[in-house]
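Letters go in sequence order (proteins before strands), and every chain restarts at 1.
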Amino acid sequence: MAQEKLLLIDGSSLAFRAFYAMYTQMDRFTTKDGLHTNAIMTFNSMLDNVVDQFKPDHILVAFDKSGGTFRTKMFSDYKAQRDAAPSEFLEQLPYIHELLDDHGIKHYALQDYEADDVIGTLAKAADARGWQTNIVTGDRDLTQLATSSTTVQVTKKGVGDLEAYTPAHVAEKFELEPKQIIDLKGLMGDTSDNYPGVTKVGEKTALKLLHQFGSIENLYANIDELKPSKMKENLVNDQANAEMSKTLATIDQAAPLTIGLDDLAYTGPDLDALRALYTKLEMRQALAHLPAATAEKQAPVHFVVLTDANLAQLPKTADPVAFELEMLEDNYHTAEQIGFFIGTTEETFVSTDVTLLTLPKVQNWLGDHQLTVFDAKRNLVAAERLGVNLPQIDFDLLLASYLLNPDQNSNDFGQIAQDHDYNLPFDEAVYGKGAKRKVPDEESLFGHFARKAQALLTLRPKLLDELKAQDQLSLFTDMELPLAKVLARMEITGIVLDSKTLQGLGDQWTSTMHVLEEKIYAEAGLKFNLNSPKQLGEVLFEKLQLPVIKKTKTGYSTSVDVLEQLRSASPIVQDILDYRTVAKLQSTYVAGLIKAVHPDHKIHTRYLQTLTQTGRLSSVDPNMQNIPARDEGKQVRRAFVPAHEGWQIFSSDYSQIELRVLAHISGDKNMQEAFKEDRDIHANTAMRIFHLDSPDEVTPDMRRQAKATNFGIVYGISDFGLAKNIGITRKQAKAFIDGYFEQYPQVHDYMDEMVKVAREQGYVETLFHRRRYLNDIHSRNFNLRSFAERTAMNTPIQGSAADIIKVAMIRMQAMLEENHLQSRMLLQVHDELIFEGPEAEMAQLAALVPKVMDSAVKLAVPLKVESHWGKTWFDAK
DNA sequence: ATCATCACG
DNA sequence: ACGTACGTGATGATT
């Protein structure tokens, strides 16, 4: 039989380390009931790490017992100087105990003794039995326990790394044996435990003495060997201290334990209990890593494999039907479709033959029922690839979950189900991840399908109730769900990319790049990797000795704002800036976009509808919302062309939508007046903050500064941020902001109000009741709290603007269909919609699109929309 | 996987 | 005294 392995954990010390390791981020880790979980989470992952690493057969976690110990009785000041543990820590301790119970790990504390003594006693017993022991602690004093079969693992900075103290390692570090560690502590004392040692003796001196004498006892027996000195005087005077300190530092290896080694057998966690605890504590990471969520360990489920012979079994029902067309990859435009399920209240029908869906019988059946899905857009696009229509999706678990709380950052079905207290294996657990992702055996796959179907039908009424309770039913039913269908249509339509045109541009940029490269190498006097900020930093700030303006945490900053300040210092700087520009265009917008073109010569982006915290969309594979719009990069837009000869690209954008939203929700009369009279809002702001009488007095520079201030206001202003942005002093920026709030007083009230609302109810809302929770609003950490406050001010503005364009998109799609136009909507870029259509329809679009967009919602100020069209996206400006 | 950088609104 | 503008995604380098 292999050697028994024992793991002893200093629970008190590790819990403390865990708490302080995440101390600065503490307020990010709280449950909705306000319980801090940072120590619990960190302790949990430390536990997983060490159990994984040492694979013990026996485990004990020892804690200090509250109240005094035999050491306090001996020396009343022992640990007396310590502050009481923070309440945020103490509230977590009971949960750490519960966590250990659920992990199946014994924990123990003994009256009058410290965790060290419990550990020391057990380690000694284990040594006697010839077991192999690892002790995990944050306290170096425990290294005195190291023996040939006991290793003391001490946490290094943070909690991730362990330093293994074997007798050999102790010898290497201190030239001492483990048992001499207590002599070391006796001489040095310990400030954290508050015992004295010998005056003026620190680690250096203590080590020297011990190398000479071996122990405190031997030192005092032979003290005459020391030449007279201040140190010797101190030693003599403090002999009692030294001896007492040594006793205090000595771990009692014969503590009267009421448990023994045989009580410590470790057989693994109670996964159901752990899952329940993790769920209760909202520990999503931990839940995700729980190995239990595999199909095998789930209760068996029933399903029927659908074939063309048993289609008649699909029952007619008025109840909701769960549906999914499953793919293992993110990109549903191209992913292999591995199967589907149709789940009714009674039975789940499954198949890997997705062509069954194309049979008229199945299509008709699907058309006759209300479908409940996870990710409507994904299913719509995938079905369309088969030529299948899903006309009646009326619930989307992913979307509903996102609206209830947008900060869920997962789109794993199992994860979302678990977030709503429904136990469903993660997709990741059933399918694997990364290179290991594959279609599982049919039994697992179909079992997973059937469980998902049940989850959908169970969670649907629950989430609908919650949406209703949060006043978000209309947001869900009338906005997000219809939008999913509109977005699916836009993604499927795609936009044609003229790769030849783009490649032509790319060739020019590539040659510019080569010229600049050579020039820069010559100026630098060496060749290096220009794309490496690290190497570039060395060249600029070490070789060329340019002044360092800013540092990043890894080295010198070489970002644009830094380089711009260095432009006059050396001609190399401008060349680097130019190189950066063309390198970016070439790699991201030429090579990158060409790589993303589908065989139909089109780009089919995917809009992420459940990602942003504000309600905006985002766009991936490729990102079509950050195509260059200014300067040379704008040429890229020439490569985006209509799908047909004689068609054009048409674009409409909201003018100043965020400031108009602000004027509306703040109710500010002065700002509303400016918009009602269609004035240039930035010039208007300039007149007000610079106290001018006429628009003629506004200089371009005043307007620029006023514009930056307007933006700053929308972002949740700070004088520092504004100062940095427009290159004025912080004092001047402060004056701008004060002036601004004087001129737009209700904007000021709005800012205060949003922060107050966030504090009182824990979240802020948009015009359409989109919600964002701001846990950090109560943080004691200035940075986190300030960030939450700015977010409270910005989110209703950015989010309401996002709501408005979403409404416009839904109406716009309907209008295109009603008017039987060939034109179609292709892209959305936050405040802008892009279409393509026959040249003959351009005039109609020019009338229709702005009308739909500016009437999407009725605000206290008008919405203004501007339109352009032309042969390419570049020309639609 | 994370960082620094830079593209967009 | 603290050290900050809001929301995103892709790239190449580095770990």
Next on the checklist: So A:Leu617, base contact, sugar-phosphate only, or nothing? Heavy-atom distance under 4.0 Å.
Outcome noted: nothing
Checklist entry - Do the ring planes of A:Tyr556 and A:Phe541 sit parallel (below 30°), tilted (30 to 60°) or perpendicular (above 60°)? => result tilted
Item to check | Ion pair A:Lys877/A:Glu866, N-O distance below 4.0 Å | outcome: no
Item to check | Sugar-phosphate only, base, or nothing, as touched by A:Ala708 at under 4.0 Å among non-hydrogen atoms | outcome: base
Checklist entry - Which part of the nucleic acid does A:Gly592 contact within heavy-atom distance under 4.0 Å: base, sugar-phosphate only, or nothing? => result sugar-phosphate
Checklist entry - Across the strands shown, which category fits A:Leu585 at heavy-atom distances under 4.0 angstrom: base, sugar-phosphate, nothing? => result nothing
Checklist entry - Cationic tip of A:Arg688 within the cone over A:Tyr744's six-membered ring, i.e. under 6.0 Å and within 45° of the normal? => result yes
Checklist entry - Would A:Tyr740 and A:Phe736 count as a ring pair (Phe, Tyr, Trp, His ring centres under 6.0 Å) if you check the C-alpha gap in whole Å, the side-chain angles of each, and the deciding distance to 0.1 Å? => result CA-CA 6 Å; A:Tyr740 192 101; A:Phe736 274 28; 9.8 Å; no
Checklist entry - Is A:Phe782 stacked on the base of C:dC2, with ring centres under 5.5 Å apart and planes under 30° apart? => result no
Item to check | Phosphate OP1/OP2 of C:dC6 contacted by A:Arg790 side-chain N/O (<4.0 Å) | outcome: yes
Checklist entry - Taking only N and O in the side chain of A:Thr614, is any of them less than 4.0 Å away from OP1 or OP2 of C:dC6? => result no
Item to check | Any A:Thr552 side-chain N or O less than 4.0 Å from OP1/OP2 of B:dA4 | outcome: yes
Checklist entry - Hey, mind stepping through A:Met624 and A:Ile495 against side-chain contact (heavy atoms from CB on, under 4.5 Å) and telling me if it holds? => result CA-CA 10 Å; A:Met624 287 300 292; A:Ile495 183 166; 4.0 Å; yes
Checklist entry - With a non-hydrogen cut-off below 4.0 angstrom, is A:Asn529 in contact with a base, only sugar-phosphate, or nothing? => result sugar-phosphate
Checklist entry - For A:Ser718, which contact category applies under a 4.0 Å heavy-atom criterion: base, sugar-phosphate, or nothing? => result base
Checklist entry - Should A:Arg703 and A:Asp680 count as an ion pair when the cut-off is N to O under 4.0 Å? => result yes
Next on the checklist: Over all strands shown, is A:Leu611 touching base, sugar-phosphate only, or nothing at heavy-atom distances under 4.0 angstrom?
Outcome noted: sugar-phosphate
Checklist entry - Base, sugar-phosphate, or nothing: which does A:Gln535 touch, judged by heavy atoms less than 4.0 Å apart? => result sugar-phosphate
Checklist entry - For A:Tyr332, which of A:His604, A:Glu491, A:Arg606 qualifies under side-chain hydrogen bond (donor to acceptor under 3.5 Å, both in side chains)? => result A:Glu491
Checklist entry - Which listed nucleotide (B:dG9, C:dG7, B:dA7) is nearest to the side chain of A:Thr581? => result B:dA7
Checklist entry - Are A:Lys724 and C:dA5 close enough that a side-chain N or O sits under 4.0 Å from OP1 or OP2? => result yes
Next on the checklist: Regarding A:Ser557, tell me which of base, sugar-phosphate or nothing describes its non-hydrogen contacts under 4.0 Å with the strands shown.
Outcome noted: sugar-phosphate
Next on the checklist: With a 3.5 Å limit on both atom pairs, tell me what C:dT14 is paired to, counting Watson-Crick and G-U wobble, or say none.
Outcome noted: B:dA1
Next on the checklist: Need one value for A:Asn531: base, sugar-phosphate or nothing, where a base atom within 4.0 Å counts as base even if backbone is also close, heavy atoms only.
Outcome noted: sugar-phosphate
Checklist entry - Is any side-chain nitrogen or oxygen of A:Thr795 closer than 4.0 Å to OP1 or OP2 of C:dG7? => result no
Checklist outcome for this item: If pairing means Watson-Crick or G-U wobble with both distances under 3.5 Å, then the partner of C:dA1 is none
Item to check | Which residue lies more 5' along DNA chain C, comparing A:Arg772 with A:Phe720 via nearest heavy atoms | outcome: A:Phe720
Item to check | Options C:dG7, C:dT8, B:dC6, nucleotide nearest the side-chain atoms of A:Lys584 | outcome: B:dC6
Checklist entry - Contact class for A:Gln613 (heavy atom, under 4.0 Å): base, sugar-phosphate, or nothing? => result sugar-phosphate
Checklist entry - Is there a donor and acceptor pair closer than 3.5 Å between the side chain of A:Gln625 and the base of B:dC8? => result no
Next on the checklist: Using OP1 and OP2 only, check whether a side-chain N or O of A:Ser559 sits under 4.0 Å from B:dA4.
Outcome noted: no
Next on the checklist: Side chain of A:Arg730 only, heavy atoms from C-beta on: which candidate in C:dG3, C:dC6, B:dC6 is closest?
Outcome noted: C:dG3
Checklist entry - With a non-hydrogen cut-off below 4.0 angstrom, is A:Asn626 in contact with a base, only sugar-phosphate, or nothing? => result base
Next on the checklist: Need one value for A:Asp621: base, sugar-phosphate or nothing, where a base atom within 4.0 Å counts as base even if backbone is also close, heavy atoms only.
Outcome noted: sugar-phosphate
Checklist entry - Under 4.0 angstrom, heavy atoms only, what part of the nucleic acid is A:Val829 near: base, sugar-phosphate, or nothing? => result sugar-phosphate
Checklist entry - Which nucleotide in the set C:dG3, C:dC6, B:dA7 lies at the smallest distance from any side-chain heavy atom of A:Asn783? => result C:dG3
Next on the checklist: At less than 4.0 Å, is any side-chain N or O atom of A:Arg630 found next to OP1 or OP2 of B:dC8? Yes or no.
Outcome noted: yes
